[in-house]
Each structure stands twice: as C-alpha cells, then as structure tokens.
Number of protein chains: 2
Amino acid sequence: MVKSQPKGTVRGTLSPASIAASALKLGDQEGPEAMAIRRIAAQLGCDPMALYRHFANRVALLDAVADLALADLALPDDHDPWEDRLRSLLTETRRAALAHPGIAPHIAARPPLGPHGLRIGRVLIEALRQAGLDDRQTVAASQVLIAYLSSAIAMAVATQGRRDDRWSEAAQAVRDSSEHRLPADAMPAVGSVDQFSFGLDLLIDGLRARVRDRPR
Amino acid sequence: MVKSQPKGTVRGTLSPASIAASALKLGDQEGPEAMAIRRIAAQLGCDPMALYRHFANRVALLDAVADLALADLALPDDHDPWEDRLRSLLTETRRAALAHPGIAPHIAARPPLGPHGLRIGRVLIEALRQAGLDDRQTVAASQVLIAYLSSAIAMAVATQGRRDDRWSEAAQAVRDSSEHRLPADAMPAVGSVDQFSFGLDLLIDGLRARVRDRPR
DNA sequence: ACCTGAACACCGTTCAAGT
DNA sequence: ACCTGAACACCGTTCAAGT
C-alpha cells in the first residue's frame, strides 16, 4: 500500500536549523567529504533542491553548520585574569571545532559569524580590552588570535585525518633539514593541544609585554 | 594544409617543471579556479591525462606549482639578528605567495615541501636555534610560525579576492559586537602587511621572553 | 609499451516543466 | 505559486581501446 520510500520530507518539515543539525551529525559520522548538497539531502530524504529554499548556496549552509558546532562551549568566568580567559576561550573553541570533524575544515577556512561565533568574538574582545590594550591593538590582536586558531584547527584536522598528514611531514622535513639533526620524539606532536598551547602562550606573552609598556 | 590545432604537445615535450611553470602562469592570470587538470592541460595544448604521466594526482601537481612560487625570495643575511631574520624571512615568504594568487590558497593549505619550501624551513630553524631556543622549543616555534604564516596568507587571499571577504566581515562583526563600539578606521586592514607584522611581532616578543628566561 | 580519449562517478546549480 | 527533477556545465580519475 505504502510506497517503498515516501517522497518529500520524511522527518517533518525542513528548516535551516533542522537541516544544519542533520548535516552536522552526518559530518560527524562520515567526515568532510559528506558535506555535499546531494548527500545532505539524501540523509534528510529530500530533493537536493529543497535545501536551496532555506540557504542561498552550499557555503551558506555550511556556515550554519559551522556555527552550530560552536554551540557547546564553556565560556570563561568573567572574574578570571584576562590571560586565563583568552587561553580557555581559544582552547575550548578549538576543542568544539575538532569534536565535529566533518565541519572543522570549514570552520578553519571561514570564521563562523552566526550567533555562537559572534558570542566567542565578543568574549575575545572583552578579554583583550580588559588586558589594557587600546582600540587598535584590540582589533589587531583579535585578528591574530583568530588567524592562529584557524591554522591550529586546520593542522589538527589534517593530522587526525587520513594519510594526508602534510603538517607532520613538514615538521619532519624541517627537522631533517636542520644541521643540528633535531630528534623527532619528545617534541609536541603537530596538531596536538600541547603544540597549540605553546603558540598561544607566545602570543599571550607578546600581548603582556605590550600591556606592560603602556599600563592603564 | 595544416590542421586548425595540432594534436599532442604543442610547445615542446612535457616535464614536471614545464607543467608547473605553465600552471603557475595560468593561475597568476586567471586565479585559483583555473587550477584544474583540464584547464592546465588546455593551456598546454595536451590531453588532460598526459599530466598524470608526470604527477600522481592533482594535489601533487599543485604542490609542485606551490613550491615553484616560492623560488623568487630574498633570503635574510646570516649576520643579522635572529629577530630581523625571522621577520624578513616570513614577510618575504608571504609576499612571494601572494604574488601568485592562483596558487596562494594551496600554499596556505599545505606547506610546500619541494626544494624552495625546504630551504625556507632550514633558514627558519637556523634563526630559531641561534636565538637560543632548545630543540623542543625550536621545532614547536617553527610550527607556530608556519601556522601563523599560513593563516595570514589565507586571509590576504580572501581579502584581495572576490566578494568572499569573510575575514573583513568577521573583523567588522567583532568590532560591532563589542560594547565599546570600536571604530572601523585607523585599524590595520584584514590581510594587510601591517596586520601581519603586528602578529609576527607578538610572536617574536614571546620568543624573546623565552630566550631571556634561559639565556645561553 | 605507450598514449589517447571515452566513460565513470561524482559535483553545485539552473531552469523548464509539472502540480 | 510552489515544488520537483531533469539537465547543464563542470570536476578528478579510471580504463579499455587504439597505435
């Protein structure tokens, strides 16, 4: 009596939120290559073109998925020192992005500007302002931190991913090419949280030096 | 008498070097979307499959193009202080990458490991060693600097490129979301060399603090 | 043995044709 | 007016058929 597969939307009416949630789950399970219009539609049981009623194009859809991935994030305590807040905010954002391997490359390539991304940006700016930076330094520093975070996410994705581990290859090549023959072990692994923290501490130290120069 | 277009390789025999050089020029003129096997072959006047005799796949071909883009690069003077050498090496690498907009996104996404990329890596390691860092710090710092450079290139490409300027949008959104209503002008532009230098100086200051802590 | 190009298995998106 | 899905204009790559 029933057709083998009902046409149209199998699971309720579509909405931007329901599409993004479905795509996020699909990416978690099958990786970045599953983030194709046709595959997202297949998982929803709808026509690929139905998605274009809710998003202007594929990139806009992925932007929504990327922002959704940054929803589960513990924001730092307002009373902590600014260094701690920066460290925890960026480490948490990195963790949240990497928890969703299907969309993490997109997050690394394009900063999400949905509500969750903007919330992170707001906390970032607040921490930098309260560190004592002026307007110009605050904006410039926020861009530097976002740039570093983006690369860190990209490196971690490549490292944990398939045999495409270009960053580890690069680290190895750089070690080998040194006349000092640097040892391979006892080094923080490419894409590791230790490696990430090392660079983050460098940046925070640099910011601290600027605050010290012009106090108040 | 002559056919309208001779078949086969129009301009001499193919080689990895001649293919990469042709693709680099094509990308310079027509942008990253021209970096397709079919379009590179069309410019060479050969069958797309002919390229697979010289490269395992498209990514390997683009890696060769990326390394070639880093050929024209003034390396820093060995006698300069390590801070100056780091600054000039990374600034020059950024400049060289952005001089080739067709392949710059690929450079940002995958560190070139050909002869030119490795040469840059060697100079980078040497500068860090002579700054007084230990082995672990040297490798970790080199990864941080490469990560920052990669993002800086990606941001500059997006900014100078089409209407895909996500990074400027992000900076604007971050400014707007601040309760302090930061002014938009008199800020270093996203992807600008000033913005790049600001972050580079932060990292160098952070490194300097580590050298000071354990001198020698 | 080498080389070619037709074919495969995909893409994102347009648009005409159906309801 | 809305929605569908066939079709378009591409991809990278495989592979069988030609020389």
Side-chain angles (χ1 to χ4, degrees), chain A residues 3-16 18-20 22-23 26-27 29-66 102-103 105-106 109-110 161-164 166, chain B residues 3-16 18-20 22-23 26-27 29-66 102-103 105-106 109-110 161-164 166:
Chain A
K3 293 181 182 131
S4 59
Q5 270 296 85
K7 305 279 180 65
T9 61
V10 175
R11 46 191 76 175
T13 27
L14 291 179
S15 72
S18 72
I19 293 169
S22 169
L26 178 65
Q29 293 164 354
E30 308 195 15
E33 67 276 15
M35 300 288 87
I37 291 287
R38 285 164 149 96
R39 293 184 63 173
I40 293 166
Q43 148 136 332
L44 283 162
C46 72
D47 189 275
M49 284 311 98
L51 302 182
Y52 285 86
R53 314 200 113 283
H54 301 94
F55 296 100
N57 50 43
R58 175 174 175 267
V59 170
L61 195 163
L62 293 195
D63 286 344
V65 177
I103 200 65
H106 188 79
R110 284 170 60 92
R162 298 289 86 226
R163 214 69 313 272
D164 192 9
R166 185 60 160 208
Chain B
K3 296 182 181 127
S4 59
Q5 268 297 87
K7 304 276 181 69
T9 61
V10 174
R11 46 192 76 174
T13 27
L14 291 179
S15 70
S18 72
I19 293 169
S22 169
L26 178 65
Q29 294 165 353
E30 307 196 14
E33 67 276 14
M35 300 287 88
I37 291 288
R38 285 163 148 97
R39 293 184 63 173
I40 294 166
Q43 149 137 330
L44 282 162
C46 72
D47 189 275
M49 286 307 99
L51 303 181
Y52 285 87
R53 315 199 110 283
H54 301 93
F55 297 100
N57 49 44
R58 175 173 175 268
V59 169
L61 195 164
L62 292 194
D63 287 344
V65 177
I103 201 63
H106 188 79
R110 284 172 58 94
R162 298 287 87 229
R163 213 71 310 272
D164 192 9
R166 185 61 159 208

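FYI, side chains are in, hydrogens and waters are out, and symmetry mates aren't considered; it's all heavy atoms of this structure. Chain A is the first sequence line, chain B the second, and so forth, proteins listed ahead of strands; every chain is numbered from 1. Since we're looking at a predicted model, the values are computed, not measured.
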Applying side-chain contact (heavy atoms from CB on, under 4.5 Å), run through A:R53 and A:L14 and close with a yes or a no.
CA-CA 9 Å; A:R53 314 200 113 283; A:L14 291 179; over 6 Å; no
Let me check something: any side-chain donor-acceptor pairs from residues 29-42 of chain A under 3.5 Å, sequence neighbours excluded? List them with distances.
from  : atom 1 : to    : atom 2 : distance (Å)
A:E30 : OE1    : A:R39 : NH2    : 2.6
A:R39 : NH1    : A:E33 : O      : 3.4

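For the atom pair OH of A:Y52 and CG of A:D47, the computed distance is 11.0 Å after rounding to the nearest 0.5 Å.
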Using a 3.5 Å limit on both pairing distances, list the dot-bracket string of DNA chain D from the 5' end; Watson-Crick and G-U wobble pairs count, crossing pairs take [ ], interstrand pairs take |.
||.|||||...|||||.||
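Comparing the C1' positions of C:dG12 and D:dT14 gives an interatomic distance of 23 Å, to the nearest angstrom.
Here the closest heavy-atom approach between residue A:H54 and residue A:P16 is recorded as CD2-CD, 3.7 Å. The shortest non-hydrogen separation linking A:F55 to A:I19 is CE1-CG2, 3.9 Å. Scanning all heavy atoms of the two residues, the minimum distance from B:C46 to B:A50 falls at SG-CB, 4.1 Å. Taking both residues in full, the closest heavy atoms of B:S18 and B:T13 are given as OG-O, 4.0 Å, listed atom of the first, atom of the second, then distance.
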Polar atom pairs between nucleotides 11-14 of chain C and protein, under 3.5 Å, N or O only, would you list them?
from   : atom 1 : to    : atom 2 : distance (Å)
C:dC11 : N4     : A:R38 : NH2    : 3.4
C:dG12 : OP1    : A:I37 : N      : 3.3
C:dG12 : OP1    : A:R58 : NE     : 2.9
C:dG12 : OP2    : A:I37 : N      : 3.2
C:dG12 : N7     : A:R38 : NH1    : 2.2
C:dG12 : O6     : A:R38 : NH1    : 3.4
C:dG12 : O6     : A:R38 : NH2    : 3.1
C:dT13 : OP2    : A:Y52 : OH     : 2.5
C:dT13 : OP2    : A:R58 : N      : 3.0
C:dT13 : O5'    : A:Y52 : OH     : 3.4

Please write out each protein N/O paired with an N/O of nucleotides 17-19 of chain D under 3.5 Å, distance rounded to 0.1 Å.
none

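A sub-4.0 Å separation between OP1 or OP2 of D:dC3 and a side-chain N or O of A:R53 is present.
Using a 4.5 Å heavy-atom cutoff, the side chains of B:V59 and B:R110 are in contact.
For A:A66, the side chain to side chain contact (heavy atoms under 4.5 Å, CB included) criterion is met by A:I103, A:H106, A:I107, A:P112, not counting sequence neighbours.
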